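The figures here come from the full heavy-atom set of this structure, side chains too, leaving out hydrogens, waters and symmetry mates. Everything numeric in this text was worked out from a predicted model, so none of it was measured. Residue numbers begin at 1 in each chain, while the letters A, B, ... track the order of the sequences.
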Number of protein chains: 2
Amino acid sequence: MDHPRRRQVPTHDELAAWRLHIETFEIVRARIEARLHDDSGLSGGDYRVLLALSEADGRAMRSSELAAHIEWERSRLSGHLGRMERRGLVRREPCAEDARGSRVVLTEEGARAFHTSTLPHLRAIKDVFVDALTPEQLAHLRDAAAATRRHLHLDERS
Amino acid sequence: MDHPRRRQVPTHDELAAWRLHIETFEIVRARIEARLHDDSGLSGGDYRVLLALSEADGRAMRSSELAAHIEWERSRLSGHLGRMERRGLVRREPCAEDARGSRVVLTEEGARAFHTSTLPHLRAIKDVFVDALTPEQLAHLRDAAAATRRHLHLDERS
DNA sequence: CCTCAGTCGTTGACACGTGAATCGTACGGG
DNA sequence: CCCGTACGATTCACGTGTCAACGACTGAGG
């Protein structure tokens, strides 16, 4: 027998809880994104970009500013914007103040797509996620997420 | 004013809880997979395939049997096995009983990679996920996941 | 000025995921 | 025995993600 100061690996139950949790909420996310896509043709990434742009001054943002805001790699954003531009959701124009950069502008069509998608999307979140849980369970999830963020030293706002 | 029988969209707090939860545990998953990859060069997908194969009779399985077991699309598995085969983790051989099919066999190297990765992987799950939470919080997560699965009519084992 | 380190955005190579089409084989019914 | 349908596995086209390398440009210093 060893003298475990502290168990180094999860118990069977802890491991089962981990798998159940992560697999379940992966399905939840997929369902919500699938509904968004069926309703409006937008992916989760599209929605996130459109949300940020529609809240921005002049419905436009510098590309790396946008990337920082939604916490994406710049290369990821670049590729995504290329696909969104092909579909007419955004437009890229050269930036006056800094010839290296570019401004990402929300098009009329992009704004329309975002607005018509919002309500059904929120409903999907309610149907699939919120309504699955009691208010106490939801509060517990929020607390667990907050504790996890502290544990990982996320949100070091200072 | 309307007469909402039942709110159709989430409240601000519910929406915030949803976003906090999903974003946090996405980061948790990414951290655990990054540690797995750093420790052993395996991705989460590799690990799942190797786990299933190492528990299978003769360390081998029919391809669609394996796909069903780990709940993957067959095309996804096919592509993934191609990459794993290039790296020598698995081998595919024609199937005796059914010339359409193929058997996926765990190689010695695959078995070795799986075994050396398991302990560090479990430790990562403990460090990053389990140790972030109190036992009560972990139980709450498990209950919330179970409730969600019922809500979505998953696990209809009948 | 001019140099040069650093930033902006894109690109390339790759891993990974989905759904539709494909191709060969299996097998039950004429 | 052959035919048509069903099935196993792969392939294709595409969307999505990472990281490293790149070319264009900026801006602080000599």
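Residue contacts shown for B:R103 are absent, as no nucleic acid heavy atom lies under 4.0 Å away. Residue contacts for B:S43: at a heavy-atom cut-off of 4.0 Å it reaches the sugar-phosphate backbone alone, with no base atom in range.
For C:dA15, one of the phosphate oxygens OP1 or OP2 lies less than 4.0 angstrom from a side-chain nitrogen or oxygen of B:R86. At the phosphate of C:dT7, neither OP1 nor OP2 sits under 4.0 Å from any side-chain N or O atom of A:R100. Between B:R92 and D:dT10 there is a side-chain polar atom (N or O) within less than 4.0 angstrom of OP1 or OP2.
For A:T107 (side chain) and A:G88 (main-chain N/O), a donor-acceptor pair under 3.5 Å exists by modelled atom type. Remark: side-chain polar atoms of A:H151 are paired, donor with acceptor, to backbone N or O of B:D127 under 3.5 angstrom.
DNA chain D is contacted by both B:G101 and A:R87; B:G101 maps to the nucleotide lying nearer its 5′ end (nearest heavy atom per residue). Ranked by how close their nearest DNA chain C nucleotide is to the 5' end, A:S102 and B:R83 are led by A:S102. Toward the 5′ end of DNA chain D lies the nearest nucleotide of B:S78, the other residue of the pair B:S78 and A:S75 mapping further downstream.
Between A:R87 and A:E109 there is no salt bridge, since none of the side-chain N atoms of the basic residue sits less than 4.0 Å from a carboxylate O of the acidic one.
Between A:V105 and A:R59 there is no side-chain heavy-atom pair separated by less than 4.5 Å.
The side chain of B:R74 approaches D:dA9 more closely than any other nucleotide in the set D:dT18, D:dA9, D:dC25.
For C:dC8, the base has no donor-acceptor partner in the side chain of A:S63 [N/O atoms by modelled type, under 3.5 angstrom].
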